[in-house]
Structures are given as C-alpha cells and as structure tokens.
Amino acid sequence: MIEIRDIHKSFGKNEVLKGVDLQVNKGEVVVIVGPSGSGKTTLLRCINFLERADSGTISIGDTRVQFHQASGREISTIRRQTAMVFQNYNLFNNKTVLGNVMEGLVTARKVPKQEAEATSRAVLEQVGLSDKCDSYPSQLSGGQQQRVGIARALALNPEVILFDEPTSALDPELVGEVLAVMKAVARAHITMIVVTHEMSFARDIANRAVFMDGGVVVEEGLPQDIFQHPREERTRQFLRRFNPDSEYNI
C-alpha cells in the first residue's frame, strides 16, 4: 500500500500542493484528473523524489519517509519501489529500444546484463514491440516510443508505476495504442497512479478517481460517482468541459 499524508510543495511563493492526502492499495488503479496547474504532475514528481516536497510523509510497504528530511538512502529506497512514465518519453536517443529498457536494470539495479536483456525482451513483447529491439527512438512513432517507456517501467517490477499524462504528447491517432497497453497493465493488477486528460479512459480503467484543483483534492471516489454524480460544484464545472450538453455525465 502507498500512503501520502499532508504533502506540501511550493516553488518560490507559488504553493502548488496544499496538504494533499492520497492512499493507494496494492493492485489498485487510481486516476487523477483536474485542470492544468492543479498540482497533479507535481504530486507524481514528489512521490518519486524528482521534486522534494516541503513537508509531509510517504509510506510504501514497510518504508515510511518524511519528504523534507529524507536521506539519500531513503530516497533511493523509495525510487526502487516506483517507476515513472513521462509525457515526453525521456528515452536515450543514442541507445536502441532494448538498450533503453535495459539501462535502469543494469545501471540502477545492478542486474547482470544477460538477465536484464531477458527481462527487457519479455516486457517489450508484452507491449507489442518485440520486433523493435534493435531500432532507435528516432525510428519509432510517438506511440511506439511511449510503449518503450511503459516497458522500461515494467522491467523494474516496481510497487507502483506513475503515469504523467502519457498520451498528451501524441497525435490523436496514436493515443489508442498506448491506452490499450495501459489497460493490459491494469488487468495484470499492477498498482498504477495515472494523471490523464483522457476522461473516458479514466472512467474505464480506474478503481478510484481523484479530482484535484488548486493544489488540493477536491473529491475522490468510485469512477462512476466522480464522473456521473460528482458532489462538488467545481468537479461538475470541470467535467462539463468534456460533455457540455450534459449536466454531469461523461
């Protein structure tokens, strides 16, 4: 289980996270939606210590860490239990697809190369890219590059995979292939926290939905409740953007 309590994060005078609580059970898919600037991405980056939160705690399994005073060793322990799929792929352009997936295993996890290659080939097959092992990122479509990013995360076998708007940089016609892979990951009961603007996908994939705005969690609950019967007026206002002809439904 992952538990975040009272997380705060400011950039200068701009307070981006204002005391967010989040709990995610093992095997659960939690989708976070909300307007741009609501703190969604910052929350994910703090979970993975890509940003250091100003205060609050995070617990993953038996590890509990204070964000603001976490040691390098504690940060490393948290990072070993998480993996991130970024908006813009973040692949190494000078490495092949196979090399990109192997990199974290060999460099960060110190997995022997032969074992890392076997694991990497298996996850590339899982995301439908077994024929692209020797290709370079420049030879792939955006959807294929993002699937490499997902394979890279899967190879690490983390406690949770964090997805930061994984389809936002894709042409519309390529979104479906990435969402299909993510649905397959969810069906495998891998714990996922997903920030997305794909509302129908969020409704279909999530065990629980969270709506954020202004650096706080406005409401959370079952997807059918959040997307069809939101309690808060701010949630209703946001969802109407995606279906203006209906008062609540998506």
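Residues take their numbers from the sequence shown, with the count starting at 1.
Taking a 6.0 Å sphere around CD of E125, one finds it holds 12 or fewer heavy atoms contributed by other residues, nucleotides or ligands. Around the CD atom of Q114, the shell of radius 6.0 Å holds no more than 12 heavy atoms that belong to other residues, nucleotides or ligands.
No side-chain donor-acceptor contact under 3.5 Å links T167 to the backbone of L170. Between the side chain of K26 and the backbone N or O of T191, no donor-acceptor pair lies under 3.5 Å. With hydrogens and angles disregarded, no donor-acceptor distance shorter than 3.5 Å links the side chain of T63 to the backbone of S59. N100 contributes a side-chain N or O that, together with a main-chain N or O of T96, makes up a donor-acceptor pair within less than 3.5 Å. The main-chain N or O of A122 is never found under 3.5 Å from a side-chain atom of Q126 such that the two would form a donor-acceptor pair. Using a distance-only test at 3.5 Å, with no hydrogens or angles considered, no donor-acceptor pair links the side chain of T107 to the main chain of G104. Judged by distance alone, with hydrogens and angles left aside, the side-chain atoms of R64 form no donor-acceptor pair with the main-chain N or O of T57 at under 3.5 Å. Between the side chain of R208 and the main chain of P223, no donor-acceptor pair closer than 3.5 Å is present. Proximity of a side-chain donor or acceptor of S76 to a complementary backbone N or O of G72 within less than 3.5 Å is not detected. Without hydrogens or angle criteria, E219 side chain to R231 main chain gives a donor-acceptor distance under 3.5 Å.
Two residues are said to be in side-chain contact when any heavy atoms from C-beta on lie closer than 4.5 Å; Q146 and V181 fail this criterion. Taking the side chain as every heavy atom from C-beta outward, S141 and E177 approach each other to under 4.5 Å. Proximity of L239 to P230: side-chain heavy atoms (C-beta onward) are separated by under 4.5 Å at one or more points. In this structure, the side chains of Y89 and Q87 stay at 4.5 Å or more apart for every pair of heavy atoms. Counting only heavy atoms from C-beta outward, the side chains of V160 and V24 never approach each other to under 4.5 Å. Put simply, the side chain of I150 reaches to within 4.5 Å of the side chain of F163, judged on heavy atoms. Within the 4.5 Å cutoff, side-chain heavy atoms of M192 are placed close to those of V185. Side-chain contact between V106 and V111 is absent, with no heavy atoms from C-beta onward closer than 4.5 Å.
In the model, E165 has no side-chain atom that pairs as donor or acceptor with a side-chain atom of T196 under 3.5 Å. For the residue pair N48 / T82, a side-chain donor-acceptor distance below 3.5 Å is found, with atom types taken as modelled. Between the side chains of T41 and D164, at least one donor-acceptor pair of N or O atoms lies under 3.5 Å.
With respect to the salt-bridge test (charged N to carboxylate O, under 4.0 angstrom), the residues E3 and R5 qualify. Salt-bridge annotation for E232 and R236: absent, with no side-chain N of the basic residue lying under 4.0 Å from a carboxylate O of the acidic one. At a threshold of 4.0 Å, the pair R240-E233 counts as salt-bridged, since one of the basic side-chain nitrogens sits closer than that to a carboxylate oxygen.
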Working note: V33 + V195, criterion side-chain contact (heavy atoms from CB on, under 4.5 Å); need CA distance, chi angles, decisive distance, verdict. CA-CA 6 Å; V33 298; V195 168; over 6 Å; no

Is there a side-chain contact (heavy atoms from CB on, under 4.5 Å) between R121 and C133 once you walk through the steps? CA-CA 8 Å; R121 289 186 182 277; C133 287; 3.6 Å; yes

Evaluation steps, side-chain contact (heavy atoms from CB on, under 4.5 Å), between V31 and I205: CA-CA 8 Å; V31 170; I205 195 177; 3.8 Å; yes

E103 and R152: CA distance, side-chain angles, deciding distance, side-chain contact (heavy atoms from CB on, under 4.5 Å) verdict: CA-CA 8 Å; E103 180 67 18; R152 179 175 58 188; over 6 Å; no

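One finds the CD1 atom of I58 at 9.5 Å from the CG atom of L22 (value rounded to the nearest 0.5 Å). Distance NZ/K40 to CE/M212: 8.0 Å, rounded to 0.5 Å. Separation of atoms CZ (F86) and CG (L44) is listed at 10.0 Å; rounding is to 0.5 Å. The structure places CZ of R80 at 5.0 Å from CZ of R109, a figure rounded to the nearest 0.5 Å. Rounding to the nearest 0.5 Å places CZ of R234 at 4.5 Å from CZ of F211. Taking CD1 of I226 as the start and CZ of R203 as the end, the distance is 13.5 Å to the nearest 0.5 Å.
The minimum heavy-atom distance linking G149 with L91 is given by the pair N-CD2, 4.3 Å. The minimum heavy-atom distance linking C46 with F67 is given by the pair O-CE2, 3.4 Å. A pairwise comparison of heavy atoms in R147 and L129 identifies CB-CD1, 3.6 Å as the closest pair. Residues A83 and L156 approach most closely at CB-CD1, 4.1 Å, considering heavy atoms. The two residues I190 and I161 make their nearest non-hydrogen contact at CG2-CD1, 4.0 Å. Of all heavy-atom pairs spanning F49 and R79, the tightest one is O-NH2, 2.6 Å.
Both I75 and I47 are part of a single hydrophobic cluster, where members link through side-chain heavy atoms under 4.5 Å apart. Cluster annotation: V16 and V218 are assigned to distinct hydrophobic clusters (Ile/Leu/Val/Met/Phe/Trp/Tyr, side-chain heavy-atom contacts under 4.5 Å, transitive). L98 and V127 fall within the same hydrophobic cluster, where Ile, Leu, Val, Met, Phe, Trp and Tyr residues are linked whenever their side-chain heavy atoms come under 4.5 Å apart, directly or through other members. Under a hydrophobic-cluster definition in which Ile, Leu, Val, Met, Phe, Trp and Tyr are linked whenever side-chain heavy atoms come within less than 4.5 Å, directly or via other members, F227 and V217 are assigned to different clusters. Hydrophobic cluster membership differs between V216 and I193, with clusters built from Ile, Leu, Val, Met, Phe, Trp and Tyr side chains linked at under 4.5 angstrom.
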